[in-house]
Amino acid sequence: MVDGWSCPLPLRDHPRVTLAHGGGGLLTSELVDHLFIPAFGGAAAEANGLDSAVLDLGEGRLAFTTDSFVVHPLFFPGGCIGDLAINGTVNDLAMVGAVPLALSTAFVLEEGLDLEVLGLVATAMGHAATIADVELVAGDTKVVELGRADGMYITTSGVGFIPDGVELGPTQVESGDVVIVSGPIGRHGVAVMSLREGLEFETTIESDCAPLAGLVAAMLEVGGVRCLRDATRGGLAGVLYEIATDAGLGVEFDAEVVPVPPQVRGACEMLGLDALHVANEGVLVGVVEADRAEAVLEVMRSRPEGAEASSIGEMVERRPGMVIARTALGSTYVVDRPLGEQLPRIC
Amino acid sequence: MSGPETFRDADLARRLLTGIGRVTTRPWSLMEVCGGQTHSIVRNGLDQLLPEEIRLVHGPGCPVCVTPISMIEAALHIASLPGVVFCTFGDMLRVPATESDLMRKRSEGADVRVVYSPMDALKLAEELPDSEIVFFGVGFETTAPANAMAIETARSRGITNFSVLVSHVLVPPAIAAIASSPTNQIDAFLAAGHVCTVMGTTQYEPLVERFNVPIVVTGFEALDLLEGIRRAVVQLEAGEARVENAYTRMVKPEGNRVARDLLDRVFEPCDRAWRGMGELPASGWRLTETFRDFDAEVRFDVPELNVPESPDCRAGEVLQGIIKPNECPAFGIGCTPRRPLGAPMVSSEGACAAYFRYRPAGVSGG
């Protein structure tokens with residue numbers, strides 16, 4: 001969350017982003033030294049000004065990932081583009097069982113952007129990185145002309161350390177494994193959509209945006225975890241289809257058991273959406289060995305980001321690549337596979 | 001009023017199913033008219049749970065599905081004009097015309113925006129006084145009052161840069177067309193609850209008399225649908241044909257007076273082409289003379305477009321319940337939700353799309 005930001009002295013001549021802020025000159029340096037570094041706080045303590053970050057690596061393997069963030073609007077209930085940019089990449093690392101080590105941050109800024117906005121976003125990034133225990137070690141800023149971007153775009157890349165013995169992925173999944181969801185679904189998508197031009201509606205729901213690396217570490221400690229995915233774009237349905245397809249197995253789950261907050265359910269009914277398709281930024285899907293599932297769930301529920309973790313279904317031999325929902329009435333239906341973004345730019 | 005969960009109770013649903021099983025002695029074909037009902041049936045797997053004598057046929061009540069290609073071409077034409085901001089419900093973005101769709105037009109630079117209400121489009125017209133805001137007014141009697149309200153509001157506020165591409169269609173003429181078809185196989189109709197919320201139930205009396213079919217006004221939740229089906233079967237088994245209201249918590253016989261008066265002021269009946277069903281007399285609405293200057297077709301001088309349907313697409317027969325979606329040769333081969341030939345494969349309410357998603361499981365059970 002964002003606490004606030006006040007413009008430091010050297011930047012006050014230019015309260016808005018100008019093209020010169022991306023020119024590589026003094027203004028660029030000022031932006032780095034007086035906005036990003038202080039805003040990132042302790043998370044950027046190791047930033048050294050070199051072209052590449054050099055990281056010590058002992059045993060194990062290195063995970064490396066990158067993601068771009070183009071959310072509109074930049075601030076939404078429960079977070080902002082800065083939180084997403086950190087947590088999104090942290091979570092991508094966590095899903096392969098990596099302990100996130102360091103992130104780079106690259107900004108494309110639109111000329112005219114209020115520095116206060118940039119400061120708030122950068123501060124949120126510093127907070128999020130501190131909470132996720134990850135360092136921000138490299139960065140870049142470019143500015144494009146007014147009208148050529150929508151405020152700002154952020155790209156973060158991250159590296160993480162995968163301890164020996166950790167091997168996660170759909171190829172590890174077996175028939176009979178239990179499918180777990182870490183928390184209530186649909187909150188991020190609904191929070192962002194509630195502000196969208198053309199469909200503003202009032203909701204108290206906040207984005208679930210959160211780092212999941214700590215939760216994953218706790219799950220891995222229990223053992224029996226085969227595959228993890230964070231249910232971002234495409235929602236729960238999208239992730240279940242990816243796992244089913246890549247594992248060559250089917251997924252069957254109880255539609256009634258999936259945790260859907262009432263506000264998300266209401267918004268989806270109003271907008272004609274399926275909560276299973278709505279994006280999350282702090283929910284993971286885990287596939288876990290059946291006899292370890294209860295122990296994993298117990299550990300998850302002891303943490304705030306996994307407090308409402310539930311077992312929703314299982315992997316099955318029949319109908320490989322398909323995701324089947326069981327209704328409370330005893331019938332089944334094939335879950336709709338999300339085709340693409342009906343409502344663009346939510347992360 | 002209680003929330004929708006009340007109408008999804010599993011125990012009550014089982015009791016209704018048992019009740020339907022008890023009264024059913026012969027095969028019956030029931031058509032649910034509305035696409036929202038089709039969606040709910042598939043989503044709840046109701047067709048798997050009904051006695052095998054009961055066949056549910058999916059009707060033409062998906063507004064996206066019945067919008068003819070010529071109307072989509074008109075939309076594409078208007079959306080491509082300079083200075084136009086074209087506002088539409090999201091479903092219409094991907095409906096294919098001959099060569100393009102609204103989504104592709106957008107990627108080519110047209111200003112196409114998804115809105116959830118014509119009032120949002122009207123708001124945009126006030127915010128962008130130098131643009132022409134056009135709303136794609138698609139839908140049955142349910143969406144028409146909001147469009148009428150937007151148009152009346154535009155008139156009263158003197159907003160002149162707002163217009164509507166009107167593509168309204170009406171349920172009773174579609175039921176008449178299906179019931180009078182020589183190939184008709186439908187024994188009873190489940191009328192669309194939300195349409196009746198606006199229009200009331202009296203419009204259906206002449207249809208019942210003319211075609212001797214039960215028409216049961218039905219809601220959208222699992223229990224609503226099961227109750228509608230049960231009442232239709234009870235009538236059929238007793239050899240009766242009446243208009244019956246199984247959705248009394250929403251529908252009054254006279255409908256919504258205020259909405260109907262508004263509709264009478266803004267719209268008048270006209271012939272409309274239905275995708276796959278051809279032109280049906282007095283089956284749609286257009287703006288009355290008083291409001292004709294808000295008609296986007298008039299304002300932008302849209303040329304008469306007569307566009308043939310794909311010869312491989314049998315959407316018309318699907319929409320009339322003559323064939324099931326999977327009986328179309330193109331189904332799942334030349335026509336999928338990703339590359340749809342016909343509109344019923346596009347909309348989430350479309351029968352073909354519902355079948356496509358449902359089919360590969362092979363779990364129909366019914």
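All values derive from a computational prediction rather than experimental measurement. Naming: A, B, ... by sequence-line order, numbering from 1 per chain.
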Exercise for review: Using the salt bridge (charged side-chain N to carboxylate O under 4.0 Å, His left out) rule, collect all pairs that involve residues 173-186 of chain A, keeping only residues at least two apart or in two chains.
Suggested key: A/Glu174-A/Arg226, A/Asp177-A/Arg226
Practice item. Name the region of A/Ser331, side chain, backbone, both or neither, that has any atom closer than 4.5 Å to a heavy atom of chain B. Key: both
Point to revise | Crowding at CZ, B/Arg14 (>12 non-hydrogen neighbours, <6.0 Å) | key: yes
Practice item. Apply side-chain hydrogen bond (donor to acceptor under 3.5 Å, both in side chains) to A/Thr155 and list each qualifying residue two or more places apart in sequence or on a separate chain. Key: A/Ser68
Check your understanding: How many angstroms lie between atom CG of A/Asp336 and atom NE2 of B/His39, to the nearest 0.5 angstrom?
Key -> 8.0 Å
Revision key, fill the gap. For B/Tyr116 and A/Leu273, the nearest pair of non-hydrogen atoms, with its separation, is OH-CD2, 4.3 Å
Point to revise | Exercise: identify the closest heavy-atom pair between B/Ala10 and A/Ala328 | key: CB-O, 3.6 Å
Exercise for review: Under 4.5 Å heavy-atom distance to chain A, tell me which part of B/Arg43 shows up: side chain, backbone, both or neither.
Suggested key: both
Point to revise | Identified side chain to side chain contact (heavy atoms under 4.5 Å, CB included) counterpart of B/Gln48 within the set A/Leu329, A/Thr332, A/Thr327 | key: A/Thr332
